[in-house]
Visitor: 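This is the structure I want to talk about, given as structure tokens.
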Amino acid sequence: MKETKYIPFDERESEESVVYFTRDLSAKGLSKIYKYVNENIDGKIAVKLHTGEPHGPNIIPRDWVKEFIDSNCPDATIVETNTYYDGDRYTTEQHKNTLKVNGWDFCPVDIMDENGTIDLPVNGGKHFDHMTMGKSIVNYDSLITLTHFKGHTMGGFGGSNKNLGIGCADGRIGKAMIHTYPNQGQWSIAEEEFMERMVESTKATVDHFKDKITFINVMRNMSVSCDCEGVEAAPVVTPNVGILASRDICALDTACVDLVYAMKEEENHDLVERIETRHGLRQLSYMHELKMGNTKYKLIDIDTNKEITQEEAVSNLKPFNEE
């Protein structure tokens with residue numbers, strides 16, 4: 001299987017965005033970094049979160065999200081869509097029960113495809129001219145993309161792009177457009193084409209919200225498995241890193257991947273292997289091609305108010321221990 005090539009930072013041709021970084025993995029860390037990227041987030045606010053399968057061990061802690069919402073956007077709504085696979089979030093009824101199991105009952109949660117779908121345009125796509133979304137996505141003025149960064153069985157990694165590209169597409173039509181060739185297996189689209197389709201789905205959401213969308217990635221409990229796998233996820237072996245945020249989705253996901261690659265080989269081996277064998281880096285290059293953001297950036301450590309290198313961000317990481 002061909003592997004996707006990782007391009008070192010200094011060899012990239014791109015303008016630079018700003019990505020903020022903190023080692024403070026806590027609810028306070030979330031609120032602290034959000035204040036750097038919350039411009040234009042107002043009106044009716046949605047928080048796109050992966051709420052997880054029942055008892056999923058690696059999702060962003062419920063208490064962190066509650067404190068974040070209470071402190072920064074107390075009238076916000078968590079938004080999700082139903083899954084494409086048969087399981088505990090396949091129907092709206094199942095999904096709502098799983099939300100209760102996982103404790104997402106402290107604020108409204110909108111299953112956006114509960115009452116149907118809506119098509120949003122994909123500008124400049126080569127696979128789609130539209131993506132079918134959960135109908136109620138258009139009911140919100142602003143979107144906070146709050147993402148658990150981790151590996152992914154098909155995408156290689158799941159960052160803000162996966163959270164939006166898969167997570168806003170409705171459970172029957174949109175997700176099928178991304179995953180499945182007509183009259184072929186459910187997961188028949190993979191590797192580069194899967195990444196491109198996912199990116200085009202994300203572009204529909206990003207273009208819809210324009211300057212009223214922002215992105216936060218939490219690099220904690222980074223299994224090579226997505227949160228879709230719940231308690232069946234592979235054990236975590238990659239060290240926790242911190243929280244990153246940006247107004248540029250491409251720069252943010254790129255920075256998280258760069259921090260993984262900047263780790264020591266014994267720290268990043270499993271996650272790098274997962275990214276490369278799935279051709280996951282195509283997510284980043286295609287976002288850049290579709291003018292969704294930059295692959296170069298200034299990494300600003302808000303703990304010290306200094307620009308730092310990727311190597312400095314991941315120096316002296318502690319081996320992963322379950323909390």
Side-chain angles (χ1 to χ4, degrees), residues 17-42 44-52 56-80 99 102-110 140 142-150 157-164 167 209 212-223 227 236 238-249 251-253 255-257 259-260 297 299-305 308 313-314 317-318 320 322-323:
S17 295
V18 177
V19 176
Y20 298 98
F21 171 74
T22 178
R23 295 175 180 82
D24 185 359
L25 279 163
S26 69
K28 288 183 173 55
L30 276 179
S31 290
K32 182 169 60 175
I33 204 166
Y34 173 67
K35 289 176 171 53
Y36 287 82
V37 295
N38 66 354
E39 183 181 359
N40 300 324
I41 304 300
D42 54 26
K44 189 174 181 181
I45 298 172
V47 178
K48 178 59 189 77
L49 179 72
H50 196 311
T51 54
N58 297 322
I59 57 176
I60 300 174
R62 169 202 171 279
D63 291 346
W64 293 17
V65 179
K66 182 180 186 304
E67 184 174 327
F68 173 80
I69 290 176
D70 288 348
S71 299
N72 300 284
C73 45
D75 296 324
T77 300
I78 292 173
V79 296
E80 276 275 36
L99 291 168
N102 285 347
W104 304 110
D105 53 5
F106 53 83
C107 76
V109 181
D110 179 6
Y140 300 94
S142 302
L143 181 64
I144 300 169
T145 312
L146 182 55
T147 302
H148 171 221
F149 184 90
K150 66 280 179 184
F157 70 92
S160 286
N161 176 53
K162 185 267 175 189
N163 189 6
L164 296 182
F209 284 100
K212 299 179 80 66
I213 186 170
T214 196
F215 312 95
I216 303 171
N217 285 358
V218 179
M219 297 186 73
R220 167 192 176 274
N221 285 38
M222 292 181 286
S223 170
D227 296 331
V236 177
T238 306
N240 290 339
V241 176
I243 304 172
L244 292 86
S246 182
R247 301 284 297 182
D248 179 332
I249 186 174
L252 177 59
D253 276 2
C256 290
V257 170
L259 295 197
V260 171
Y297 51 87
L299 187 62
I300 306 299
D301 183 347
I302 66 171
D303 302 332
T304 61
N305 199 32
I308 60 171
V314 297
L317 295 179
K318 297 178 182 177
F320 176 78
E322 289 193 47
E323 297 174 1

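Not measured: the values here are computed from a predicted model.
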Visitor: Ignoring hydrogens, what is the shortest heavy-atom contact between D303 and D301? Give both atom names and the distance.
Guide: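 In this case the closest contact between D303 and D301 is N-OD1, 2.9 Å.
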Visitor: Looking only at side-chain N and O atoms, does N38 offer a donor or acceptor that is under 3.5 Å from a partner on T214?
Guide: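 There is no such pair between these side chains.
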Visitor: Are any of the side-chain heavy atoms of L317 and N240 separated by less than 4.5 Å?
Guide: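 With C-beta onward as the side chain, the pair stays apart.
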Visitor: In plain terms, say whether K162 and D253 are close enough for a salt bridge, that is, a side-chain N and a carboxylate O under 4.0 Å apart.
Guide: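 Looking at D253 together with K162, the answer is no, because their closest N to O distance does not fall below 4.0 Å.
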Visitor: Counting N and O atoms only, with roles assigned by atom type, does the side chain of S142 sit under 3.5 Å from a partner on the main chain of D42, one being a donor and the other an acceptor?
Guide: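 Side chain of S142 to backbone of D42, a donor-acceptor pair under 3.5 Å: yes, one is there.
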Visitor: Could you check whether any side-chain N or O of R247 sits under 3.5 Å from a backbone N or O of V37, counting only pairs where one atom can act as donor and the other as acceptor?
Guide: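 Yes: the side chain of R247 pairs with the backbone of V37.
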Visitor: Are V260 and M219 side-chain neighbours, meaning at least one heavy-atom pair lies under 4.5 Å?
Guide: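 Yes - at least one pair of side-chain heavy atoms lies under 4.5 Å apart.
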Visitor: Rounded to the nearest 0.5 Å, what separation is found between the CG atom of L252 and the CZ atom of F149?
Guide: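 One finds 9.0 Å between CG of L252 and CZ of F149.
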Visitor: Going by heavy atoms in the side chains, are L164 and F215 under 4.5 Å from each other?
Guide: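 Yes, at least one pair of side-chain atoms sits under 4.5 Å.
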Visitor: When rounded to the nearest 0.5 angstrom, what distance separates CG in D70 from CG in D75?
Guide: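 It is 10.5 Å, given to the nearest 0.5 Å.
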Visitor: What's the separation between atom NE2 in H148 and atom CD1 in I60, rounded to the nearest 0.5 Å?
Guide: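 Separation between the atoms: 7.0 Å.
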Visitor: Look at the side chain of D110 and the backbone N and O of T77, then say whether any donor-acceptor pair between them is shorter than 3.5 Å.
Guide: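 Looks like no, no N/O pair under 3.5 Å.
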Visitor: Just checking, any donor-acceptor pair under 3.5 angstrom between side chains of T51 and N102?
Guide: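 Looking only at side-chain atoms, N102 and T51 do not form any donor-acceptor pair under 3.5 Å.
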Visitor: Are L259 and L244 packed together at the side-chain level, in the sense that at least one heavy-atom pair is separated by less than 4.5 angstrom?
Guide: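 Yes, side chains in contact.
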Visitor: If you measure only the distance, is there a donor-acceptor pair under 3.5 Å linking the side chains of D24 and S26?
Guide: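 A donor-acceptor contact under 3.5 Å links the two side chains.
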Visitor: Kindly determine whether N163 and T145 satisfy side-chain hydrogen bond (donor to acceptor under 3.5 Å, both in side chains), including the steps that lead there.
Guide: CA-CA 8 Å; N163 189 6; T145 312; 5.8 Å; no
Visitor: Are the side chains of D248 and Y297 in touch, meaning some heavy atoms are under 4.5 Å apart?
Guide: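 SC-SC contact between D248 and Y297 ruled out.
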Visitor: Got a sec: does the NZ of K35 have more than 12 other heavy atoms crowding it under 6.0 Å?
Guide: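 Count over threshold, so yes.
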Visitor: Distance check, rounded to the nearest 0.5 Å: K66 atom NZ versus D105 atom CG?
Guide: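 Answer rounded to 0.5 Å: 10.0 Å.
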Visitor: Between atom CD1 of I33 and atom CD1 of I302, what is the distance when rounded to the nearest 0.5 Å?
Guide: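 Separation between the atoms: 4.5 Å.
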Visitor: Mind checking what makes ring pair (Phe, Tyr, Trp, His ring centres under 6.0 Å) contact with Y36, not counting sequence neighbours?
Guide: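 For Y36 the ring pair (Phe, Tyr, Trp, His ring centres under 6.0 Å) partners, ignoring immediate neighbours, are Y20.
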Visitor: What is the distance from atom CD1 of I144 to atom CD1 of I69, rounded to the nearest 0.5 Å?
Guide: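 One finds 7.5 Å between CD1 of I144 and CD1 of I69.
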